Amino acid sequence: MVFKNIICPVCGGSCDDVQVNLDTKNRTIDVQNACKMGNAKFQEVVSSHRILKPTIRENGKVKDVSWEEALEMSADILVNARRPLFFLGSETSCEAQEVGLHIAEYLGAPADSNATICHGPTVMGIQESGMVGATAGQAKNRADMIVYWGVNALESMPRHMSKYGVFPRGYWTKRGRFDRTMVTVDPRVTPTAVASDMHLQLNPSSDYELLSAMFTILNGKEPHPSVEEITGIPISVMKQTVEMMKESNFVAIYVGLGVSSSYGKHRNIEIALNFVKEMNNYTKCNIGALRGHCNVAGFNQLASYLYGYPFGLDFMKGYPRYNPGETTTVDLLREKDVDAAFIMSADLVNHIPADCAKYLADIPMICLDIAPCPSTTAADVVLPGVIDAMECDGTFYRLDNVPVYFEPFTESPFSETKSNEDTLKQLFAKIKAKKEA
Amino acid sequence: MQALLNTGSTINEGRLAKGGNKYSEDYTKECAVCWMCAEDFTSLGCPEKVSVTSRDGKHTVAVRSKVTEAMRSGQVFIPRSIWANVVVEPDTFSTGSPRYKGAPVSVEPTDEEVLGAEEIVLTLYMGGE
Ligand code: SF4
């Protein structure tokens, strides 16, 4: 059967035009419009490696158990821990994340999500300076200059250029790519840089210096000549770039981890945001983060709305606290500041530095996921995941913080649960029963 | 050789990770790879495999080498994956995000075996359990 307008649950692009032909008899799925990454995830609906049974590790051996047993053991681990970490990953709905946040609040535990190892510093930069933002549609219809700064869009959000950024024909950009100038700032010659009209190949970790020199130029002053050696970019090129921006009608800047993960972190983002504000004295200019994980923006929105902080929340004192560097996942694990972990829809062991991953593997860990990965290998309890946007409905937030409601085209393969939200609700009920017993 | 480590996505890394194939040979071939320029590759003696070591010397990972014009001398790239993260520094500068970009590492030729993702978890993180 063919289903149209399916939302892709893979990256922050949340493409809403995917067409799926699911053949339940032969267990095949044909996917149109999605990119390579999106297509790979859609194949998970019929894949042979899908996790279909809960497992636990007992005396070093992994064995299949019933859902009931797996949930019981998970609840035991979380209730008996003094400080369990809740990592509510982004490859699931806001609805599931919300239940996870409530469990963390109930247990007085820290709760975090993928933003912490992704655009966390970007969010912190926004808290420092505020952001001139726009929806993807605004940029599509208006932007005649696109800047990809520290992001390899073609490989991290493969359809960004074709769907939102560079190629689509907009109301004021009727000729698509021909109406747009594309600039990439990256220390590497990435495929995105190759596709650009101009590539500023800066030295690694010199984003702050380059942005501040461009800020100086924008203010009509001459930057110090040493900036050429530090950044590897001639001042004349910086001036040309600033001039191109000023002469454009609408500049859309997309930042990636190249800015927020390099030396300088949130300060890089802060100066980029200030630069954008200043640029608005000359032309329309906005900035947005290219969010690699699906619904990573959703957790930020949800946690801010419910508890006032976007990530790295800690409920230990009975009220939410937020102190990046202390209450954030990598720091909690590095400092061995938690004694159990619940990881949902994110392969945390794969994505964190060795010291943190080793400690995470040492402590009791519950992992909810759909396919075997380093986190499920290291976990003590594995709960099978339901694939959002394919097997259940819910809400994602797109890269530009626009909420997208998605509907499934098939059902959860488990009679025990309808969605990850459902699984978490069952877990919460068990936790409450144990706590209040 | 001292170098600055950059990590990030590649399209096939994304395709294999999102498709649940992190334990496949293809994933190891795509991600357990250290990209460098021809000049650095030659100065290392054109090794097939290199070991990348974190600045504090605590963590080392063996990966295949790849020569590419995408890199400049003194800079190396490993696709975002468990191999890269073995040597990424855990300090977050009080932001929560480790240094995925620009961590200083040393790169040397090696004959060590390139481990698969599962072997890394089992041997490096779970102590051979
Ligand atoms: S760009 Fe992102 S959301 Fe769109 S199809 Fe590819 S993976 Fe899915």
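Below, all heavy atoms of this structure are taken into account, side chains as well, without hydrogens, waters or symmetry copies. Given the structure is predicted, the values throughout are model-derived calculations rather than measurements. Order of the sequence lines sets the chain letters (A, B, ...), proteins ahead of strands, with each chain counted from 1.
- The choice from B:N6, B:I120, B:N85, B:I82 that makes the most heavy-atom pairs within less than 4.5 Å of chain A is B:N85.
- For the atom pair B:T7 OG1 and A:L257 CG, the distance stands at 8.0 Å (nearest 0.5 Å).
- Scanning residues 69-78 of chain B against chain A with a 4.5 Å heavy-atom cutoff picks out B:E69, B:A70, B:M71, B:R72, B:Q75, B:F77, ordered by number.
- Both the backbone and the side chain of A:P187 come within contact range of chain B, each with at least one heavy atom under 4.5 Å from a heavy atom of that chain.
- The pair B:K18-A:E91 meets the salt-bridge criterion, with a side-chain N (NZ, NE, NH1 or NH2) lying under 4.0 Å from an Asp/Glu carboxylate O.
- Counting only distance, with no hydrogens or angles, the side chain of B:Y100 and the backbone of A:S262 share no donor-acceptor pair below 3.5 Å.
- The shortest non-hydrogen separation linking B:R15 to A:A40 is O-CB, 3.2 Å.
- Chain A is approached within less than 4.5 Å, heavy atom to heavy atom, by B:V86, B:V88, B:E89, B:P90, B:D91, B:T92, B:F93, B:S94, B:T95, B:G96, B:S97, B:P98, B:R99 from residues 86-99 of chain B, ordered by number.
- Among the residues in residues 25-49 of chain B, those with a non-hydrogen atom closer than 4.5 angstrom to a non-hydrogen atom of chain A are B:Y27, B:W35.
- Taking A:E326, A:R334, A:K41, A:R188 one by one and counting their heavy-atom pairs under 4.5 Å with chain B, the maximum is reached by A:R188.
- Residue A:S47 does not touch chain B at all, counting heavy-atom pairs closer than 4.5 Å.
- Between the side chain of A:H49 and the backbone N or O of B:G19, at least one donor-acceptor pair lies under 3.5 Å.
- Residues A:V259 and B:K101 have side chains not in contact (no heavy-atom distance under 4.5 Å, counting atoms from C-beta outward).
- With chain B as the partner, the residue from A:M124, A:Q201, A:M37 showing the most heavy-atom pairs under 4.5 Å is A:Q201.
- Heavy-atom distances place the side chain of A:F311, and not its backbone, under 4.5 Å from chain B.
- Only the side chain of A:P158 comes within contact range of chain B, judged by heavy atoms closer than 4.5 Å.
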Requested in this report: Show your reasoning for whether side chain to side chain contact (heavy atoms under 4.5 Å, CB included) applies to B:K22 and A:D347.
Outcome: CA-CA 10 Å; B:K22 285 188 186 145; A:D347 184 7; 2.7 Å; yes

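- Contact of the B:K58 side chain with the A:D355 side chain is registered, since non-hydrogen atoms from C-beta on lie closer than 4.5 Å.
- A:K36 and B:N12 share a donor-acceptor pair across their side chains, judged by distance under 3.5 Å alone.
- The contact between A:S205 and chain B is made entirely by side chain atoms (from C-beta outward), counting heavy-atom distances below 4.5 Å.
- Per-residue counts of heavy-atom pairs under 4.5 Å with chain B were compared for A:A354, A:C356, A:A357, A:P324; the largest is that of A:A354.
- Of the two parts of A:Q43, neither the backbone nor the side chain holds a non-hydrogen atom closer than 4.5 Å to a non-hydrogen atom of chain B.
- Summarising the local packing, CG of B:D56 is surrounded by more than 12 heavy atoms from other residues, nucleotides or ligands at distances under 6.0 Å.
- Between the B:Y23 side chain and the A:C373 main chain, a donor and an acceptor come within less than 3.5 Å of each other.
- Legend: residues meeting side chain to side chain contact (heavy atoms under 4.5 Å, CB included) with A:V62, ordered by chain and number and at least two apart, are A:T55, A:R57.
- Chain B forms more heavy-atom pairs under 4.5 Å with one residue of A:G256, A:S375, A:G325 than with any other, namely A:G325.
- Note on A:G312, A:P374, A:A378, A:A371: by heavy-atom pairs under 4.5 Å with chain B, the leading option is A:P374.
- The nearest pair of heavy atoms linking B:I11 to A:L154 is CD1-O, 4.4 Å.
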